[in-house]
Engineer: 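Mind looking over this structure? Questions follow.
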Amino acid sequence: MAAEERQYEGSFRIPAPKGVYQAAGGTNADIEYAYRAQNIRTERGLLASSYGTSRAFPSLGRPIETLERFYRRTRPDDPEVFVAGAGGAVYTFTQGTDGWVKRAEGFLSDRWSCVTYETVEDGATVDILIMSNAEDGMIAVYGSDLRVEKKTLSIGDDYADVKFAVLSRHAERIWGTGAKGYPDDIFYSRPYDPFDWTGVAETPELGGGVIKQPTWDGDAFLAIVPFGSYLLAIKERTAFEIRGSDPSSFTITQAYGSDGPIQARTICTDRMQMYFLTQDGLGLYDGTKMEVLSRDALYETMRMRMEGMESMATACLCGQKYYLALCVKEHETDVLTQNNTVIEYDTERGTFMIRKGIRVRDFFALNDEVFFTQADAPFEVLRFDDEKTGSYLGEPMKCLWETPWLDLGKEMMKRDFVLRFTAEADENGLPLKLTLATDRRAKAKTILLSRTRTDYSVKIQNSGVRMRLRLESGARAAGWRIYGGIAVAYSMDEA
């Protein structure tokens, strides 16, 4: 009897695939989650291959460790400029031009912390991009002509050589911390003057100053970020809230402590949420409590992190997704020196996905897009999740979706499985491998997807009490999509 005509006693459906969930030993977990998955999209009810990558900027031939979008309000004719730190120099790039232009060189570090602000030049307001690091101190890129100026801060005799590792902007002041020799100090400038950090004895509310917050554990401040209407100042194991609008009302209080060091390059904030990586996993602070989001969902991934490579982790937040690159071993004996895995966390849906095949040195979120620098030569800046492509720079990506082991609540023999779904691909003849494994054996069939949306019915003759379904692709540099989930029917016998 044809598969379409036979009366099957059992069935189940993966109605709306969500993401990865690695707890429960991969047995009888929620069927909408995969126990193993990589390079898959599941938004809007899809089960689809991930978007690919594409070249976004001309190559500098050396690692770009800082990439900032500098929007110049005072240059409406040419407002958008990209600023990069690489090879001991600062470069600018504008769309439509031939390439990067070197603006300054001779710097010790290429990793800058940046904030945009404004100043007065020849009686007119001009936009500036303020940049600072703990080796070179502060510089400014002027929006009028994109020149770079070294800045000597007015900060008082006691702090003459302070060079900030990180900057932030709050209450019309620039804030800085992470200076060598000052692990417990957070500095703030005068309002509307980013280069004068001295106090004003007569009117303290108009002056700059410093807030000291020792923790007596050897930790130093490594980040200071806007968080709602106040600031979060973060040490390796402790975070503090800084509230108030001027020095007379500034207060600093401990918000929470963590068990392990927070990785500075993974800290991202979005309104009243802060995401970060610690030794416990991916953490969230929502203004009242700290929790580990990945404890169950990414149990195996976090367990296989490469020891000693935590500082390589890097992240960005763009739209509703947090992107985290880190070193994850495939086997216990692996030795890694580069990030080889990207974790995508959907902050609205609360779901995770794993990306493989990309080696990320740094992440950047600019203009509602995600970019990253390659960890390998030629160190290009690439666009992450380019909707126009389903490949990694023209190379196929390996996509995988594997359900947990399922007994479907019945200790009976299941056999003669039929899979039904609706799918399409970017190219005709794109192979999609379907494997149905049971506790006895695994059997697979490969179907060729069409560019036209088509209904598929695939029969796989196998039997067993437990089963799991695996979908794989990777033979073509093109994408595919399954709509409305996957329905599975089967017959049953006594085990």
Side-chain angles (χ1 to χ4, degrees), residues 39 50-70 80-95 97 99-105 107-114 129 131-133 135-136 141 165-166 223 263-268 277 306 309-319 321-328 336-344 354-386 389 391-395 397:
N39 302 330
S50 293
Y51 295 127
T53 64
S54 62
R55 292 179 175 87
F57 295 92
S59 175
L60 272 171
R62 60 196 68 184
I64 292 177
E65 297 192 42
T66 299
L67 182 63
E68 284 287 330
R69 173 181 178 259
F70 179 25
E80 190 172 72
V81 178
F82 294 93
V83 179
V90 171
Y91 298 82
T92 63
F93 172 76
T94 54
Q95 298 289 352
T97 61
W100 294 96
V101 177
K102 185 185 291 184
R103 299 293 177 176
E105 58 185 337
F107 299 111
L108 299 175
S109 174
D110 295 320
R111 199 171 293 284
W112 299 87
S113 180
C114 307
L129 180 68
M131 307 171 67
S132 184
N133 68 57
E135 302 292 336
D136 301 292
V141 182
V166 290
Q263 300 305 317
R265 296 201 297 139
T266 69
I267 298 170
C268 299
L277 178 68
M306 185 70 201
M309 299 301 295
E310 295 84 359
S311 63
M312 294 290 293
T314 181
C316 73
L317 186 64
C318 187
K321 285 189 178 180
Y322 175 76
Y323 301 84
L324 170 66
L326 67 171
C327 301
V328 178
L336 304 175
T337 59
Q338 299 172 339
N339 295 324
N340 67 337
T341 301
V342 175
I343 294 171
E344 296 178 351
I354 307 292
R355 298 291 294 272
K356 292 284 191 177
I358 304 175
R359 297 186 181 274
V360 175
R361 183 184 179 94
D362 286 287
F363 265 132
F364 310 100
L366 307 170
N367 254 9
D368 298 325
E369 289 187 281
V370 175
F371 301 90
F372 69 98
T373 50
Q374 296 171 310
D376 308 298
F379 308 112
E380 292 181 286
V381 178
L382 305 181
R383 181 176 286 103
F384 192 89
D385 271 353
D386 185 340
T389 178
S391 68
Y392 289 154
L393 294 181
E395 295 295 323
M397 72 171 74

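In this text, all values refer to a predicted model and were calculated from it rather than measured experimentally.
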Engineer: Leu129 versus Glu68: any side-chain heavy-atom pair under 4.5 Å?
Structural biologist: yes
Engineer: With the side chain counted from C-beta on, respond yes when Met306 and Asn340 share a heavy-atom pair under 4.5 Å apart, and no when they do not.
Structural biologist: no
Engineer: To the nearest 0.5 Å, tell me how far Cys327 SG sits from Arg359 CZ.
Structural biologist: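 Cys327 SG to Arg359 CZ: 9.0 Å, rounded to 0.5 Å.
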Engineer: Does the side chain of Val328 come within less than 4.5 Å of Lys356's, by heavy atoms?
Structural biologist: yes
Engineer: Return the minimal non-hydrogen interatomic distance between Ala86 and Tyr91, and the atom names on each side.
Structural biologist: O-CE1, 3.5 Å
Engineer: Show the nearest heavy-atom pair for residues Thr94 and Glu80, with the distance to one decimal.
Structural biologist: CG2-O, 3.7 Å
Engineer: Under 30°, 30 to 60°, or over 60°: which ring-plane class applies to Phe363 and Tyr323, parallel, tilted or perpendicular?
Structural biologist: tilted
Engineer: So which atom in Arg265 and which in Ala313 form the shortest heavy-atom distance, rounded to 0.1 Å?
Structural biologist: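 That would be CB-O, 3.6 Å.
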Engineer: Is the backbone of Ser59 close enough, under 3.5 Å, to the side chain of Glu380 for a donor and an acceptor to pair up by distance?
Structural biologist: no
Engineer: Indicate yes or no: at least one non-hydrogen side-chain atom of Asp385 is less than 4.5 angstrom from one of Val370.
Structural biologist: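 When only atoms from C-beta onward are counted, Val370 and Asp385 do not touch, as no gap falls below 4.5 Å.
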Engineer: Looking at Arg111 and Glu135, is any side-chain nitrogen of the basic one under 4.0 Å from a carboxylate oxygen of the acidic one?
Structural biologist: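 So Glu135 does not pair with Arg111 through a salt bridge.
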Engineer: Heavy-atom distance under 4.5 Å between the side chains of Cys318 and Glu369, does that happen here?
Structural biologist: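 A side-chain contact under 4.5 Å is absent here.
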Engineer: To the nearest 0.5 Å, how far apart are CE in Met131 and OG in Ser113?
Structural biologist: 9.5 Å
Engineer: Between Ser54 and Asp386, is there a donor-acceptor pair closer than 3.5 Å when you use the side chain of the first and the backbone of the second?
Structural biologist: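 No.
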Engineer: From Phe371 CZ over to Leu366 CG, what is the distance, rounded to the nearest 0.5 angstrom?
Structural biologist: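 Between Phe371 CZ and Leu366 CG, I get 6.0 Å after rounding to 0.5 Å.
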Engineer: Atom CG of residue position Asp368 - does it have more than 12 heavy atoms of other residues, nucleotides or ligands inside 6.0 Å?
Structural biologist: no
Engineer: Asp110 vs Arg62, test: salt bridge (Lys or Arg N to Asp or Glu O under 4.0 Å). Steps then yes/no.
Structural biologist: CA-CA 11 Å; Asp110 295 320; Arg62 60 196 68 184; over 6 Å; no
Engineer: Would you call the rings of Phe93 and Phe57 parallel, tilted or perpendicular if under 30° counts as parallel and over 60° as perpendicular?
Structural biologist: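 The rings of Phe93 and Phe57 stand perpendicular, inter-plane angle above 60°.
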Engineer: Quick check: closest heavy atoms across Asn339 and Arg361, and the distance to 0.1 Å?
Structural biologist: ND2-O, 4.5 Å
Engineer: Over all heavy atoms of both residues, which pair between Leu67 and Ile64 is shortest? Give the atoms and the distance, please.
Structural biologist: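 That would be CB-CG2, 4.3 Å.
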Engineer: Rounded to the nearest 0.5 Å, how far does CG of Leu393 lie from CD of Gln374?
Structural biologist: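 The CD atom of Gln374 sits 6.5 Å away from the CG atom of Leu393.
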Engineer: Are any of the side-chain heavy atoms of Val90 and Val83 separated by less than 4.5 Å?
Structural biologist: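 The answer is yes; the side chains approach within 4.5 Å.
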Engineer: Which of parallel (below 30°), tilted (30 to 60°) and perpendicular (above 60°) describes Phe372 and Phe384?
Structural biologist: perpendicular
Engineer: Are Arg55 and Leu382 packed together at the side-chain level, in the sense that at least one heavy-atom pair is separated by less than 4.5 angstrom?
Structural biologist: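 Touching, per the 4.5 Å side-chain cut-off.
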Engineer: What distance separates Arg383 CZ from Tyr51 OH, expressed to the nearest 0.5 Å?
Structural biologist: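 Taking CZ in Arg383 and OH in Tyr51, the distance rounds to 14.0 Å.
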Engineer: Is any side-chain heavy atom of Leu277 less than 4.5 Å from a side-chain heavy atom of Glu310?
Structural biologist: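 Not in contact.
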Engineer: I need the minimum non-hydrogen distance between Asp376 and Gln338, along with the two atoms involved.
Structural biologist: OD1-NE2, 2.9 Å
Engineer: Check whether Thr373 reaches the backbone of Phe379 with its side chain - one donor and one acceptor, N or O, closer than 3.5 Å.
Structural biologist: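 Side chain of Thr373 to backbone of Phe379, a donor-acceptor pair under 3.5 Å: no, none is there.
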Engineer: Okay, side chain of Tyr322, backbone of Ile343: is any donor-acceptor separation there less than 3.5 Å?
Structural biologist: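 Checked: no pair found.
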Engineer: Roughly how far, to the nearest 0.5 Å, is CG of Leu326 from OG1 of Thr341?
Structural biologist: 6.0 Å
Engineer: Assess the side chains of Asn39 and Arg355: does a donor N or O sit below 3.5 Å from an acceptor N or O?
Structural biologist: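 Short answer, yes.
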